[in-house]
Amino acid sequence: MRVLIAEDDINIRKGLVEILNDEGYETLEAADGEQALDLFTRERPDFVCLDIMMPGKSGYDVCRSIRRLDENVPIVFVTAKSEEIDKVVGLELGADDYIIKPFGVKEVVARIRAITRRCFRQKAKERDKTFQIGDLTVDPLELQARRKDLLIELSLREVKLLELFYEKQGKVLDRDTLLNRCWGIDYYPNSRTLDQHISNLRKKIEQDPKNPEIILTVHGSGYWYRGQL
Amino acid sequence: MKRASWTPFLLILLLPILALGWMGYRMAQDEQKILESRYKEVLTERLHSLREPIDRFIEEREWTLYTLLHAVPRNRDEIRMLMRNTGIISQVFLLDHQGKLVYPSLQLKDLSEGEERFIHRTLEIWQRKDLSYYHDQETSTLSKNSLQKNGQRVPPGKGIWHPFFWGNGLHLLYFRRSSRGDVLGVELSRYRLIADLIGELPDRTSFHLPPEDTRILLTDSNGSLLYQWGEYDIPSNQEPIAELSLPEPLASWKLAYHLRPGVREQQIGKPLVFSIVSGMMMIILALLGLALYFYREHSRELRDAGQKVNFVNQVSHELKTPLTNIRMYAELLENNLDEEDEKNRRYLEVIVTESQRLSRLIGNVLTFGKKEKDKLKLRKSPCLLSDVISEVVDHFRPGLEEKGITVNLSFCDQEQVIADEDALQQIIGNLISNVEKYAYQGGQLSISLTRDGDYSLITVTDRGPGIAKEQVKKAFQPFCRLSDALSEGVSGAGIGLSIARELARLHDGDLILLPSEQGAVFQLKILTPAPESGNWNSPGEM
């Protein structure tokens, strides 16, 4: 999924890029409203993260212009003032959600995942149906996994990883394959990124993360899922 | 300015203007009347100038009559001769000391027609003995000076006029009383009097106005025209501008001054009205200027106040951007740390916690700013109160643990309710922050959640020093901090409880301090209807 991030403060923009990349999204960056509109027109991302107070065109204007081009693309506003949300909602600009500054990583992640679920539901395909991995039932559309009554929230990237492991069950997946499939060929994460994500994923889905049963390590080669026994 | 405040402002502005306008109008009216009166006086003066020859004529005539009556005829023949020689009199009469007419008298033989008519005309006068009324009075127009007129000394005993009306108008008797009480008098010839009078009048008069605009009439007691000046054609119903009666004994005759309509107004009206109106306009302009000045001052004050609040909002808004970065990057860094790196993890926790504290403070300042500007609004949505409370507690947990405060949470069974999550977080955050700052010695913080119909009760209890009863009201006031012993060394602006209570009241509830033997017990009561109730769409407003 590709997300357009329009934010004039470079640090906030880069921070959002970092968070969303970690989550498994491709990101497009715009530093002002004109650039945002131009990028949207050319690239047609899957959803938009829009700051309200930007130089040149404001977030409101960009939102209106985007809506003329696409009625359905999810738009999340980023704002420091809560009353602007009333304006956004009251004027029915078509925003789907909002994030109020100052926000933490968790808030951004929660909002983005909620948007993603909505997107997936809209674009549901056959292959997006739930699948079983280990004792987990993974629901790609909802970015969730369930073990009996336990509900586990997953990021997009984590879902991609599980989907790949499920698809290639019984096969060892080397680092390049995992990175190319789940991060993209053009993305060059550092050497620890994959390990960090696998570690985080294990903490979520493994009953004993130190002794994993679903995602297993093959030292020197990569990782694999042995499949349903 | 709010609309409502326009009404008193307009009243304050309009009432003096209306009052001044009314006063100005009355002044103009009074001034107009004064001018009309003066104008009338001026015209009356002109009539006086016309009357002067009439005054002289009457005085002359009286003098002639007076000297005429000085010689008393001895018999009837002498009387008749006197009448023939003096055309100004139509009859001589004689009364005895008892006021009885002895000449002409019906007892006399051979009365002439004139004598008979005289008797007939004057019968009532003699019967009523009207002339005896003058016994101690005089109507003589002769002044003291005239007693010495022309170097002649007038014998003592003055003449008296007696006007009476008969037939076609005024008739005049003039008589003198002898020392014995007898009365010798004459009746003036009316026609000769009028003719001689008119002969004394000027042919023309200086009108000071075009003759076609004026006319002066001399009329008798019946209103019949005796003489006139000017060419103005008087309409039938027009009243004269000025009138002047002739002197005694012709007081029933008068001079009347008529003017063409508009001439008087032309002479006196406009300049004064103009000056009064222009004066009023200047006063009104001055008042409007004053009103405008006050309005601008008021607007400037409102603008300044708004700018101050906007400044607060702008500054708070500007603070949120770097704060966002601090928090976001601290959490990103935290996520990238090795699990074993406890020290750096702790450092980051401090950064995150402090940035959250700063965020709460900015939130409080912003809320306070909006409250002062009457723009505080709620945005309600379905939420689980236990989740809201837990989230806030989680934010404070590191700081509370560091200060040795144990947290106990107690939640009743609950479902989603309608409330403003952010506002509730702010309220609970302020309460917990106060515990952290002022009540940490108690070592305990308890938060309980119960339901009471559509209301939710959140009770925050600590075991700190508590708040004295007399200080409770003060505690909720903005910028008010309790005793120095309690707040010394503790940071804070003193607006947390004030904001918390306002937000509670916006939820149709309240925040109160319950009596407690130990520590402080704050109870937050808010209206939290179920989502199905359907009555949550409109946010609460101040």
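- A donor and an acceptor atom, one from each side chain of Ser390(B) and Arg397(B), are nowhere located under 3.5 Å apart.
- Contacts from residues 4-12 of chain A to chain B, taken as heavy-atom pairs separated by less than 4.5 Å, involve Asp9(A), Asn11(A), Ile12(A) in sequence order.
- Between Arg113(A) and Glu23(A), at least one side-chain nitrogen of the basic residue sits less than 4.0 Å from a carboxylate oxygen of the acidic one, meeting the salt-bridge criterion.
- A salt bridge links Glu107(A) to Arg327(B): one of the charged nitrogens lies within less than 4.0 Å of a carboxylate oxygen.
- The aromatic rings of Trp183(A) and His197(A) sit perpendicular to each other, their planes meeting at more than 60°, with 30° as the lower class boundary.
- The local environment of CD in Glu43(A) is crowded, with over 12 non-hydrogen atoms from other residues, nucleotides or ligands closer than 6.0 Å.
- Between chain A and the residues Val352(B), Asn336(B), Leu323(B), Asn325(B), the largest count of heavy-atom pairs under 4.5 Å involves Asn325(B).
- Val218(A) pairs by the side chain to side chain contact (heavy atoms under 4.5 Å, CB included) definition with Val172(A), Ser221(A), Trp224(A), not counting sequence neighbours.
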